[in-house]
Protein chains: 2
Amino acid sequence: MDQKATVKEIARLAEVSIGTVDRVLHGRSGVSAETKERIDAIVANLGYKPNILARQLSLNKTYVFRAVMPRADQDSGYWALCLHGIRRAARDLASFRVKVRVDEFDRYDEDSYRALLEDIVKEPGDGLLIAPVLPRELVPALGKIDTSVPYVFFDGTVEGASPLAAIGQDAYSGGYLAGRMMLLLANGREGVFVALNAHAEDRHIKLRIEGFNAFFRDQGAAASREVRELSCFELEHTESADAFLDGMFREGPRIAGILVANSSGHLVGDWLLRSGRKEGCALVSWDLVPGNVRSMREGGIDCLVSQRPFEQGREGLERLFQAVVQEEENEGDVRVPLDIFFRENLPQRPAPAALAQERHRQAASGRVDSRA
Amino acid sequence: MDQKATVKEIARLAEVSIGTVDRVLHGRSGVSAETKERIDAIVANLGYKPNILARQLSLNKTYVFRAVMPRADQDSGYWALCLHGIRRAARDLASFRVKVRVDEFDRYDEDSYRALLEDIVKEPGDGLLIAPVLPRELVPALGKIDTSVPYVFFDGTVEGASPLAAIGQDAYSGGYLAGRMMLLLANGREGVFVALNAHAEDRHIKLRIEGFNAFFRDQGAAASREVRELSCFELEHTESADAFLDGMFREGPRIAGILVANSSGHLVGDWLLRSGRKEGCALVSWDLVPGNVRSMREGGIDCLVSQRPFEQGREGLERLFQAVVQEEENEGDVRVPLDIFFRENLPQRPAPAALAQERHRQAASGRVDSRA
DNA sequence: AGTCGCTTCGTGTACGTACACGAAAAAGGT
DNA sequence: ACCTTTTTCGTGTACGTACACGAAGCGACT
């Protein structure tokens, strides 16, 4: 059971040449049924696994994986966190003749996205790592791609596609967890909870709010709270957010806590501090984006839920590598754990330099990242 | 700036043979100062990086790393979590001719530990991954090891050694964070907080309790609470723990929350539920070991702090690989993030099967884990 | 000049796989 | 019987690196 299983050894046992063994291993023609059977038996018996080092060297091929995701600066910089993980994996895999080309698209510009997808259908490279936002455009495009090209989803999945693996968050559980955090933070305070939905169409956000609601439904009568869901497209820029929040607090009932079900909690946090409403109003949001980290340090945000975007990007690329280069079997989907952050466990080094780099880099989309 | 920089190319440019270039690259003798200089210049100019695939193939060497850690079943199974990460990395690296030999020792038996260390000093292999518990025995042994053998610490570090990298938790911050969680959970309740120290000599536990105390000192007068630290060696088995807790609640003042600063919180959680004291007493502990996960599901433990033992083991081995096999530069120490777990974000699959496997495996210590 | 020793360098082989080319053997046709 | 086609297989070369061996070149000494 040593690693002694080489092509040469198989050839010796089967009393043929390595060329013949090679043909059998690659399913090429030109081998009699008889010897093929004999070789197959020996291969199975020895548990032969080709030496990847030698294979890679011999093939002398450079693999190209393409990553497709929204611009790193969108969603308050959430995608930069994913991109970071992708680049880390790209660095680690560069020694094995793997190049990674990252294409960022504007998630508010379907036309440019469609154009990008067309290009990818034409030149998919050896594998794709895809953030499946905008499924309406994505799914048909995936159908047109050469079926031999594997793809992996990160940051969620969509129906109607057959990815090698999907690495994603459990948005519903995240919302449920956010409910628990909210209850802890607002314990004893009077008032309703407000769940802000900044992208009415986004599936993740919807699920988070559903989970949030479910938590309070599941609580006994003692802890049950009224939750009001509000759609607000104003949570993009400081000015519009401020106007929206002014109105919300002026007109509505007393508010004990706010859930911002995407990564723009810092806009609400900033407003709460500026308007002197922070006392008495808990704030829970998503993702360790720079703005949220800052706002949490300043005391605006109380709690952040996060789903390891770095690890998702990294793991996604590594899965592609394992499947395409190492030809290992698919290990199924991954559901990353839900992380909770308070002021006391914010990462010491939020790597602002690295994030700034990413933000800068996004200007030149479609770069090839390599190292060799 | 392509990856075209091969030995052959350098030889062509320097008008020598590849053998000569090879001698220069490996610092071997037999090259005139003149040509050496010329080749060095070209190497630097081209930014030559040897092809690891080819090197590995040619060297035809199997690397052996040794991992040294307490028995997987000790500390309520904490080490099994680390071991899991180590095995994952071992699996990923097996394709590159890396074998990992794991030695588990009894952390309550210094003699056997010393014997193991002696063996490791004699046969350190190509690198070591070490959990630096029992520094009194470890540090002198490390001093006797061939200085060419690199070692990486995980789950903490110790003074007096020079590891390639140290991957560790920030125990003090963890305790501080636990303070915040305790305050949230026990909000409004009367009573003191008790911090239980199960290993008076363990540095991590000490630091956690220090951080916990610091949190309440840092709170304003409004939230400041009395914290009583208790050493208790009874937190090992259910019976002794029960007796201890019985006494503690009978004799002491009213208790609003308990901090178990190691991974045996489940013993306390079980007792609280059985004795009907759970209402009114928050419980915070450490690590996602099977017992704690169960107890949290049952409602005994309210909150667990964790420091990614899986990732620590995995990253540790990968660092060794990078340093020894890839000859990449050291990237410095790692401080893993502090994770918080409540019932709502417990991992869906605590992999009980995998954990059981590990517990079984520890019977046969010192196995070699490989795949090829 | 011849031999020895030394420095300096080139050549050959190996690692394990992939694939092209061509040789030998078998099958088909007249 | 002979030639052609097809099947079946072996050999050779390449990938890029590591290292052993031995061939030049040079000076020094007998």
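Since the structure is predicted, the reported quantities are computational estimates derived from the model, not experimental observations. Chain A is the first sequence line, chain B the second, and so forth, proteins listed ahead of strands; every chain is numbered from 1.
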**Item:** Proximity of Phe65(B) and Tyr151(B) rings by center, below 6.0 Å
**Value:** no
**Prompt:** Mapping Asp22(A) and Gly30(B) to their closest nucleotides on DNA chain C, which lands nearer the 5' end?
**Reply:**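 Comparing both residues, the 5'-ward one is Gly30(B).
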Which is true for [X] with a 4.0 Å heavy-atom rule: it touches a base, it touches only sugar-phosphate, or it touches nothing?
{"X": "Asn60(B)", "result": "sugar-phosphate"}
{"X": "Ser29(B)", "result": "nothing"}
{"X": "Asn51(A)", "result": "sugar-phosphate"}

**Request:** Heavy atoms of chain A, cut-off under 4.0 Å: which first and last nucleotide of DNA chain D, 5' to 3', fall inside that, if you could look?
**Result:** dT8(D) to dG16(D)
**Request:** Look up atom CZ in Arg88(B) and atom CZ in Arg314(B), then write down how far apart they are to the nearest 0.5 Å.
**Result:** 4.0 Å
**Prompt:** Between CD1 of Ile10(A) and CG of Leu46(A), what distance do you get to the nearest 0.5 Å?
**Reply:**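 Ile10(A) CD1 to Leu46(A) CG: 6.0 Å, rounded to 0.5 Å.
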**From Arg101(A), Lys61(A), Arg66(A), residue fulfilling salt bridge (charged side-chain N to carboxylate O under 4.0 Å, His left out) relative to Asp126(A)** =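 When salt bridge (charged side-chain N to carboxylate O under 4.0 Å, His left out) is applied between Asp126(A) and each of Arg101(A), Lys61(A), Arg66(A), only Lys61(A) qualifies.
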Measure all distances between protein nitrogen or oxygen atoms and nitrogen or oxygen atoms of nucleotides 22-25 of chain C, and list the pairs falling under 3.5 Å.
none

**Message:** So Leu25(B) and Val21(B), do their side chains get closer than 4.5 Å, heavy atoms only?
**Reply:**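 Contact flag for Val21(B)/Leu25(B) side chains = yes.
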**Prompt:** Does Gln326(A) reach the side chain of Ser95(B), with side-chain heavy atoms less than 4.5 Å apart?
**Reply:**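 Yes, their side chains come closer than 4.5 Å.
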**Item:** Within 6.0 Å of CD in Glu37(A), more than 12 heavy atoms from elsewhere
**Value:**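 No, not enclosed.
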**Request:** Hey, can you tell me if Phe154(A) and Trp79(A) have their rings parallel, tilted or perpendicular (30° and 60° cut-offs)?
**Result:** perpendicular
**Request:** Please report the closest heavy-atom contact between Val31(B) and Thr35(B), naming both atoms and the distance.
**Result:** CG1-OG1, 3.1 Å
**Message:** I'd like to know if the side chain of Asp333(B) and the backbone of Ile167(B) have a donor-acceptor N/O pair within less than 3.5 Å.
**Reply:** no
**Message:** Could you check whether any side-chain N or O of His84(B) sits under 3.5 Å from a backbone N or O of Ala80(B), counting only pairs where one atom can act as donor and the other as acceptor?
**Reply:** no
**Message:** Whether Thr35(B) contacts dT8(C) is assessed here as follows: a side-chain N or O lying under 4.0 Å from the phosphate OP1 or OP2. Is that the case?
**Reply:**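 No, outside the criterion.
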**Fill in**
To the nearest angstrom, the CZ-C1' distance between Arg28(B) and dC9(C) comes to 12 Å
**Item:** Close approaches to DNA chain C from residues 11-21 of chain B, in residue order (heavy atom, under 4.0 Å)
**Value:**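 Contacts with DNA chain C under 4.0 Å: Val16(B), Ser17(B), Gly19(B), Thr20(B).
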